[in-house]
There are 2 protein chains.
Amino acid sequence: MATLKYSRQREAIKEFLAGTKEHPTADTVYMHVREEFPRISLGTVYRNLNLLADIGEITKITTPDGGDRFDAVTNPHYHVICTSCGRVIDLEMEPLDSIDKLAEKCFDGYIDHHTALFYGTCRDCMKKNTK
Amino acid sequence: MATLKYSRQREAIKEFLAGTKEHPTADTVYMHVREEFPRISLGTVYRNLNLLADIGEITKITTPDGGDRFDAVTNPHYHVICTSCGRVIDLEMEPLDSIDKLAEKCFDGYIDHHTALFYGTCRDCMKKNTK
DNA sequence: TTTGTTGCAAACCTTTTGCAGTCAT
DNA sequence: ATGACTGCAAAAGGTTTGCAACAAA
């Protein structure tokens, strides 16, 4: 297996991701990292995001619309997607690990873990819609 | 708003979907419906799948890998994805609607509903791996 | 006749990949 | 020197869309 080698590009990607709570898409990461590395390519961004996700330093979030999103927070947590503005927001709630066992009782096989995505409206959008 | 008009192609798509538990991708639907309608186009399949999903007659399931999958079963239920064979399998478990309220306590906004995807190994793959 | 639907093809968007050159070790 | 990493560009999915012909109402 390949030994990891230092790269400024990868460092910049990690740094940008660590500094935002916006769960950016690969393209958004690309746009921002490009300010520091104007010649970085989108391919490099994807390669590094996938690499970091593989070794567990970041998380990849699959959403129904648009592309995947990335999160520097790796401890398990749920997300809310605001159906009004499309933002993906962290949910400050303990994941319900116990439901894996619950699910296993209803499933012919083994359940390892789960992901959940909540759909709702964030405060900002609720305000806008009342105005 | 547009009034729906009958179409044999749409009927065939609904029928095929109703007759399988495999949660096929659009392409798989295309392959099968093409046996009855050799000239049907993939575009038509997509248009109808999206239309049916929009009016709530079928469900679209977003998975991390490959394309979206479609399900004729519209009453809310969870799915298990077998990390070994990639199949998407129905989970015969009541959705935990109560966790929406739980989640709302931890979220600054309104929570409407949620989806969940469990990751595990189906019985068939567990057998294969022991052999 | 009106209008939704279809087949076809082109376009789109996100993501991956082959390659030659570069950089970290 | 070795092998990982990069930029570039091309390609590969998966999905949408414009258009003229067609079919349901």
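Numbered from 1 within each chain, the chains take letters A, B, ... in sequence-line order.
Comparing the end axes of the helix from dT1(C)-dA25(D) to dT25(C)-dA1(D), each fitted to five base pairs by superposing C1' atoms of four pairs onto the next four, gives an inter-axis angle of 30° (nearest 10 degrees).
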Result block: side-chain N/O donor-acceptor pairs under 3.5 angstrom for residues 102-110 of chain B, not counting sequence neighbours:
from: Glu104(B); atom 1: OE2; to: Ile111(B); atom 2: N; distance (Å): 2.8
from: Asp108(B); atom 1: OD1; to: Arg123(A); atom 2: NE; distance (Å): 2.8
from: Asp108(B); atom 1: OD1; to: Arg123(A); atom 2: NH2; distance (Å): 3.1
from: Tyr110(B); atom 1: OH; to: Asp112(B); atom 2: OD1; distance (Å): 2.9

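Straight-line distance from the CG atom of Asp65(A) to the P atom of dT16(D): 11 Å, rounded to whole Å. Taking atom CG of residue Asp54(A) and atom C1' of nucleotide dC5(D), one finds them 16 Å apart after rounding to whole Å. Taking atom NZ of residue Lys60(B) and atom C1' of nucleotide dT16(D), one finds them 11 Å apart after rounding to whole Å. Distance Gln9(B) CD to dA21(D) C1': 13 Å, rounded to the nearest Å. In this structure, Arg34(A) places its CZ atom 11 Å from P of dG7(D), rounding to the nearest Å. One interatomic measurement links the two molecules: OH of Tyr30(A) to C1' of dT15(C), which rounds to 14 Å at whole-angstrom precision. Between Leu52(B) atom CG and dT15(D) atom P there is a gap of 16 Å when expressed in whole angstrom units. Whole-Å rounding puts the Asp68(B) CG to dG13(D) P distance at 17 Å.
When side chains are defined from C-beta on, Val29(A) does not count as touching Asn48(A), because their heavy atoms never get closer than 4.5 Å. Using a 4.5 Å heavy-atom cutoff, the side chains of Pro64(B) and Leu117(B) are in contact. Between Asp90(A) and His79(A), the closest side-chain pair of non-hydrogen atoms falls below 4.5 Å. Within the 4.5 Å cutoff, the side chain of Thr28(B) has no heavy atoms near those of the Glu22(B) side chain. Side-chain contact between Asn50(A) and Lys60(A) is present, with at least one heavy-atom pair separated by less than 4.5 Å. Inter-residue side-chain proximity for Cys85(B) and Asp124(B) is flagged as unmet; no heavy-atom pair is nearer than 4.5 Å.
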Would you tabulate the pairs of protein nitrogen or oxygen atoms and nucleotide nitrogen or oxygen atoms of nucleotides 23-25 of chain C closer than 3.5 angstrom?
from: dA24(C); atom 1: N3; to: Lys5(A); atom 2: NZ; distance (Å): 3.4

Between the protein and nucleotides 17-22 of chain C, which nitrogen or oxygen pairs are less than 3.5 angstrom apart?
from: dG18(C); atom 1: O6; to: Arg47(A); atom 2: NH1; distance (Å): 3.2

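Between the side chain of Thr74(B) and the backbone N or O of Ile58(B) there is no donor-acceptor pair closer than 3.5 Å. In this structure a side-chain-to-backbone donor-acceptor pair under 3.5 Å is present from Arg10(A) to Lys5(A).
With sequence neighbours left out, the ring-ring contact (aromatic ring centres under 6.0 Å, His included) criterion links Phe16(A) to His32(A). Looking at residues two or more places apart in sequence or on another chain, you find no ring-ring contact (aromatic ring centres under 6.0 Å, His included) involving Phe37(B).
Using the six-membered ring where Trp is involved, His113(B) and Tyr119(A) have ring planes that are parallel, under 30° apart on the 30 and 60° scheme.
Asp27(B) comes within 4.0 angstrom of no nucleic acid atom, judged by non-hydrogen atoms across all strands.
Set against dT15(C), dC5(D), dT6(D), the side chain of Leu42(A) has dT15(C) as its closest nucleotide. Of the candidate nucleotides dT16(C), dT15(D), dC5(D), dC5(D) has the atom nearest to the side chain of Arg10(A).
In this structure, Asn50(B) does not reach the dT15(D) phosphate: none of its side-chain N or O atoms is under 4.0 Å from OP1 or OP2.
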